Undergrad: 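Handing you this structure, nothing more for now.
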Amino acid sequence: MKIKIRKGDQVQVISGKDRGKRGDVTRGEVIKVLPKDGQVVVQGVNIRKKHQRQVQTQGRTVNPGIVEYEAPIQISNVMLVCPKCSKPTRIGLRRDDDQTTRVCKECGADID
Ligand SMILES: [Zn+2]
């Protein structure tokens with residue numbers, strides 16, 4: 001399956017434990033796409049904590065403590081939020097001569 005979500009997109013989480021608490025919707029910016037795993041990392045979503053020992057990386061010392069980080073989630077659990085109509089939408093593709101433009105299926109606007 002071709003991945004239509006890109007880094008920098010706003011997405012809405014549509015399933016999983018991060019689906020809105022109290023009916024709120026969880027939205028965030030895609031900060032990483034992992035095409036091989038079919039996963040994305042979304043800012044502020046699926047926060048995990050890990051205990052960090054003091055380590056040396058590239059000459060820097062990282063202090064021990066609890067580090068919070070966003071774990072990847074399945075791409076099927078997010079929907080793109082259209083920048084034009086700000087609704088979560090499926091993505092259509094429109095093929096012009098040599099490039100493909102993503103299109104919002106809600107309002108029909110070009111997304112790119
Ligand atoms: Zn739209």
Side-chain angles (χ1 to χ4, degrees):
M1 195 187 91
K2 197 168 187 299
I3 290 171
K4 297 171 184 168
I5 304 269
R6 295 180 193 164
K7 188 179 167 187
D9 283 342
Q10 283 284 320
V11 293
Q12 179 163 328
V13 178
I14 54 173
S15 64
K17 74 175 174 61
D18 276 295
R19 191 161 92 187
K21 296 132 192 148
R22 294 168 295 134
D24 297 348
V25 292
T26 306
R27 290 183 176 185
E29 182 179 321
V30 175
I31 51 181
K32 200 174 185 185
V33 179
L34 307 161
K36 232 169 34 167
D37 303 313
Q39 293 179 318
V40 288
V41 179
V42 182
Q43 195 166 46
V45 173
N46 203 20
I47 300 285
R48 301 278 170 83
K49 289 179 182 166
K50 72 179 169 191
H51 294 269
Q52 176 90 58
R53 291 190 323 206
Q54 187 167 338
V55 287
Q56 299 273 349
T57 38
Q58 293 157 356
R60 278 188 323 134
T61 303
V62 177
N63 287 324
I66 295 170
V67 179
E68 292 195 341
Y69 68 103
E70 287 98 346
I73 57 173
Q74 289 298 318
I75 257 171
S76 57
N77 288 346
V78 301
M79 280 186 100
L80 182 78
V81 174
C82 172
K84 301 285 184 332
C85 64
S86 47
K87 287 180 191 158
T89 181
R90 289 186 302 126
I91 305 166
L93 294 177
R94 192 187 69 233
R95 207 170 271 282
D96 300 319
D97 292 333
D98 56 349
Q99 67 170 14
T100 306
T101 305
R102 296 183 302 167
V103 177
C104 171
K105 291 226 174 183
E106 292 288 326
C107 69
D110 290 357
I111 289 164
D112 297 293

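The structure presented is a predicted model; accordingly, all values stated were derived computationally and were not measured. Both ligands and their constituent atoms are indexed starting at 1 by order of listing.
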Undergrad: Donor-acceptor check, side chain of Lys87 to backbone of Cys82, threshold 3.5 angstrom: yes or no?
TA: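 Judged by distance alone, no pair lies under 3.5 Å.
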Undergrad: Between Asp9 and Lys4 (salt bridge meaning N to carboxylate O under 4.0 Å), is one present in this structure?
TA: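 Not counted as a salt bridge, because no side-chain N and carboxylate O are separated by less than 4.0 Å.
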Undergrad: Please give me the protein atoms (N, O or S only) lying under 2.8 Å from the Zn ion (ligand 1), ordered by chain and number.
TA: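 You should have found Cys82 SG, Cys85 SG, Cys104 SG, Cys107 SG.
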Undergrad: Start with the C-alpha gap between Ile91 and Val103, add the side-chain angles, then the distance that decides, and say whether side-chain contact (heavy atoms from CB on, under 4.5 Å) holds.
TA: CA-CA 6 Å; Ile91 305 166; Val103 177; over 6 Å; no
Undergrad: Between Asp112 (side chain only) and Thr101 (backbone N and O only), is there a donor and an acceptor less than 3.5 Å apart?
TA: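 No, the answer is negative, given that no donor and acceptor are paired below the 3.5 Å cut-off.
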Undergrad: Taking only distance into account, with no hydrogens and no angle test, what donor-acceptor pairs under 3.5 Å do side-chain atoms of residues 64-76 form with protein atoms, sequence neighbours excluded?
TA:
unit_1: Glu70; atom_1: OE2; unit_2: Gly44; atom_2: N; d: 2.9

Undergrad: Verify side-chain contact (heavy atoms from CB on, under 4.5 Å) between Lys36 and Leu34, making sure each step is shown before the conclusion.
TA: CA-CA 6 Å; Lys36 232 169 34 167; Leu34 307 161; over 6 Å; no
